[in-house]
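Below, read A as the first sequence line, B as the second, and so on, with proteins coming before strands; counting in each chain starts at 1.
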Amino acid sequence: MSRDRYPHEDPVVVTCGLPYANGDLHIGHLRSLVSADILNRAFGLIGQPSIAVSGSDMHGAPVALNAEQEGVSPGEFAHGWHDRFQELFPEFGIEFDNYGHTDDETNTALTTDIVERLIEADHVYEREIEIAWDAIEEQALPDRYVEGTCPYCGADARGDECDEGCGRHLEPGEIQDPVSAVTGNPAEYRTREHKFFRVSAFADVLTAFLDDLEGTANARNQPRQWIEEGLQDWCITRDLDWGIPYPGDENLVLYVWVDAPIEYISSTIQYAERVGHDPIDWTAPWSGDGDIVHVIGRDIIQHHTVFWPAMLDAAGYALPRAVCAHGFITIDGEGLSTSRNRAIWAQEYLDEGFETDPLRYYLTTTGGLQQDIDFSWEKFADRVNGELVGTLGNFLYRSLLFAHRNYGGTPDAKVSAEVADRIDEAVADFEEAVNEYNVRAIGMTAVELSRFGNEYIQRNEPWRLVDDEPEAAAGVIRDCVQLAKAIALLGSATMPDVSARVWWELGESTDLTEASLDAVHEPPASSFGAPTEQFEQLEDELVGDLTASLTAQIEASVDEGSDERVAFSTFDSLDLRIGEIRSAEPVEEADNLLVLDVDIGDEVRQIVAGLRGHYAVEELPGTRVVVLTNLEPKTVFGVESDGMVLAAGDDPDLLTTLGNSEPGAAVR
RNA sequence: AGCGGGAUGGGAUAGCCAGGAGAUUCCGGCGGGCUCAUAACCCGCAGAUCGGUGGUUCAAAUCCACCUCCCGCUACCA
């Protein structure tokens with residue numbers, strides 16, 4: 001790894017977190033993919049040799065289980081999505097130099113090799129662990145499909161991660177009171193022998209690694225905490241049929257997070273094999289001659305700053321120079337939810353007939369990379385109309401049209417010092433942005449230069465000069481044409497399609513993707529045709545329609561199933577009874593919750609209900625309510641709730657009795 | 001409880017890591033200009049004690065401490 005400022009001579013490998021071959025792509029994925037693509041293109045522009053690699057993540061329990069549900073093999077299932085992704089990438093201008101997948105030969109062989117190295121270096125040991133087992137289905141329950149209680153904080157958690165509580169990674173067997181999330185069957189523990197990677201031995205290596213790590217701050221700060229608290233060794237095998245076999249034990253496969261990041265190397269190797277190792281050996285960064293730059297989502301920081309560098313170090317590879325962890329995207333202020341169809345799907349965006357550059361621009365320049373950003377069609381339209389149509393598109397169009405009409409192309413004049421300097425400034429800003437992995441700043445340079453362009457042309461009024469002072473007019477337009485060329489170059493990382501069109505309209509014959517920023521001062525062709533308008537205005541009416549249909553889409557999904565009828569037996573399975581509230585107390589820490597003691601005839605239950613603020617605590621005792629008594633118990637805010645008190649509406653209106661039914665009376 | 005991110009003119013954002021002229025840009029408001037340009041563009045004005053308190057410093061939005069509030073992972077539907 002070098003610490004040299006970019007550009008330097010050694011190759012850089014930019015990676016993008018692997019899309020999981022388990023579902024379609026939405027704007028959240030696009031933020032990752034596009035950010036990595038922009039960084040890679042930007043490196044190229046400043047003369048830094050670089051490639052972008054990634055691949056589909058195919059293994060793991062979710063793929064295996066979803067494939068089974070669809071009645072196809074996991075391989076077929078994953079390949080379906082893999083093919084799909086590869087169709088979508090070009091639509092969004094995402095160009096990988098190599099895009100493989102984790103189940104291919106390269107990755108299987110390399111993963112096996114790396115794990116063997118870990119074993120040889122004595123970094124792996126065996127340990128018997130208790131793992132969850134669905135005795136009815138007679139199969140191991142993958143960690144993702146176990147639910148239970150976090151042993152650290154007591155919150156409800158998923159088998160592999162305390163997703164609702166402390167956010168810790170959980171090792172198999174750690175979770176308490178497990179049940180299968182698939183069948184709902186209670187999970188029992190069985191003793192199995194699994195393999196563990198001695199991550200705990202790498203605390204010093206990782207601390208040093210983090211001290212030097214570039215990229216976003218969250219990727220440095222979050223893992224420091226984990227290291228201070230003490231690293232746990234990492235279980236790297238699973239009881240599953242789908243995956244890369246653990247070398248030496250065909251009954252186990254490697255955990256998906258072992259082979260997934262190795263695909264970064266595999267993909268690099270595949271590229272190197274295709275283009276050869278001369279003059280650049282693209283695999284060199286993995287052995288320290290060059291840089292590795294990871295672009296990921298902030299949800300997988302731990303994997304990329306703890307497990308992955310530990311593995312790399314243990315197996316004798318170089319560690320990454322930068323981890324750039326981007327924030328999430330919200331829609332109208334709320335988090336994406338694929339299950340609730342609260343998302344803008346990549347395909348949907350295309351189906352609206354939009355060009356992709358505006359979306360690339362929005363997703364990468366709305367906030368800093370690390371920041372969560374909000375998407376709404378209104379905000380999107382605002383940026384597109386203001387910055388892309390009004391500022392950038394307008395400047396390009398007005399100046400190139402003027403140049404074409406009056407000079408048939410680039411006027412024969414010299415670029416002014418003011419403009420040349422301003423272009424240099426933009427190039428310097430761009431290079432600085434690349435060195436800071438600041439994707440936002442990379443994208444803004446072209447718009448900022450356009451802003452200057454508009455101001456410049458306005459100030460110099462060539463339309464006024466053209467008759468009286470033709471030389472001065474030619475000079476101004478000469479400047480504007482040069483600015484347009486610089487804008488095309490600077491903008492080509494973020495908005496490759498538009499930039500390529502402008503490039504072509506400027507009469508350039510070379511491929512813009514091969515160009516470097518060195519070309520900003522080279523004169524454009526002396527003759528070129530009429531320019532086209534590069535961006536389309538998003539009209540209010542369209543924005544309104546899009547917003548309405550997005551809302552409808554989300555609501556339709558939420559309501560889905562409301563037409564379904566249930567069998568009487570389903571109703572009958574609910575044990576509804578009359579209960580009498582004996583006491584009510586607020587739950588500490590919770591704004592809306594009360595803990596109630598409810599007499600249901602033969603016993604008194606403790607039930608948590610979201611009634612605080614709607615009913616006075618002191619008026620509740622004595623109230624008769626309807627209680628669902630055979631609901632499974634759940635701990636909320638550390639308080640066990642055994643049953644559910646029924647109420648109607650958003651402002652809960654307790655269901656009670658009209659007559660005087662006694663506690664315990666069944667509701668029929 | 002934990003971790004991370006954040007609090008900057010009406011709204012949205014930059015600057016904070018590498019402290020230095022009362023602070024960026026966009027949207028919006030008000031006034032003007034221009035007419036080459038996709039009712040686009042340009043100029044000017046109003047509007048911020050940079051969440052609060054204390055500290056370090058010649059100097060703090062920027063560093064430190066404490067506090068308040070917000071957001072995400074997830075929950076106050078059980």
Integer-rounded Å distance: G72(B) P and Gln370(A) CD: 17 Å
Minimum-distance nucleotide (side-chain atoms of Ala217(A) versus C42(B), G5(B), U38(B)): G5(B)
Length of the line joining Ile457(A):CD1 and A40(B):P, which is rounded to integer Å: 18 Å
Rounded P spacing from C77(B) to A61(B) in Å: 42 Å
Whole-Å gap separating P (C36(B)) and CZ (Arg464(A)): 11 Å
Any Arg405(A) side-chain nitrogen or oxygen under 4.0 Å from OP1 or OP2 of A37(B): yes
Distance in angstrom units between Ile477(A) CD1 and A37(B) C1', rounded: 11 Å
Glu378(A), CD: over 12 other non-hydrogen atoms inside 6.0 angstrom: no
Gap in Å between the two P atoms, one belonging to C64(B) and one to G5(B), rounded: 12 Å
Identity of whatever pairs with G72(B) - Watson-Crick or G-U, under 3.5 angstrom: C3(B)
Minimum-distance nucleotide to Asn218(A) side chain [options: G5(B), U13(B), A78(B)]: G5(B)
Arg451(A) side-chain proximity, nearest of G72(B), C41(B), C26(B): C26(B)
Neighbour count above 12 (heavy atom, 6.0 Å) for Glu536(A) CD: no
Distance in angstrom units between Asn394(A) CG and U38(B) P, rounded: 8 Å
Interatomic distance at P, A23(B) relative to G28(B), whole Å: 23 Å
Heavy-atom donor-acceptor pair, Glu378(A) side-chain to A12(B) base, under 3.5 Å: no
Centroid distance under 5.5 Å and plane angle under 30°, Trp463(A) vs C36(B): yes
Side chain of Leu401(A) - closest among A37(B), U13(B), C41(B): A37(B)
Nucleotide nearest Arg398(A) when distance is taken to its side chain, options A37(B), U38(B), A18(B): A37(B)
Span that lies between the P atom of G51(B) and that of G10(B), in whole angstrom: 13 Å
Distance-only donor-acceptor check, side chains Glu387(A) and Tyr361(A), under 3.5 Å: yes
C58(B) to G4(B) separation - C1' atoms, rounded to the nearest Å: 36 Å
Inter-nucleotide C1' distance (U56(B), G44(B)), Å rounded: 41 Å
Value in whole Å for how far the C1' atom of U25(B) lies from CG of Asn454(A): 15 Å
Sugar-phosphate only, base, or nothing, as touched by Glu455(A) at under 4.0 Å among non-hydrogen atoms: sugar-phosphate
Under 4.0 angstrom between Asn221(A) side-chain N/O and C17(B) OP1 or OP2: no
Integer-rounded Å distance: C36(B) C1' and Tyr456(A) OH: 15 Å
Electrostatic pair Glu432(A):Arg5(A) at N-O distance under 4.0 angstrom: yes
Sugar-phosphate, base or nothing in reach of Gly327(A), heavy atoms under 4.0 Å: nothing
Sugar-phosphate, base or nothing in reach of Phe535(A), heavy atoms under 4.0 Å: base
Listed nucleotide nearest any side-chain atom of Gln371(A), set C36(B), A18(B), G6(B): G6(B)
Atom-pair distance (CG on Leu369(A); P on G72(B)), nearest Å: 20 Å
U62(B) versus U8(B) - spacing of their C1' atoms, nearest Å: 12 Å
Polar contact flag, side-chain donor to acceptor under 3.5 angstrom, Thr532(A)-Arg501(A): no
Whole-angstrom distance between U13(B) and U24(B), as gauged at atom C1': 9 Å
OP1 or OP2 of U38(B) under 4.0 Å from side-chain N/O of Tyr397(A): yes
Polar side chain donor-acceptor pair, Arg298(A) to Thr216(A), under 3.5 angstrom: no
Under-4.0 Å salt bridge between Arg422(A) and Glu455(A): no
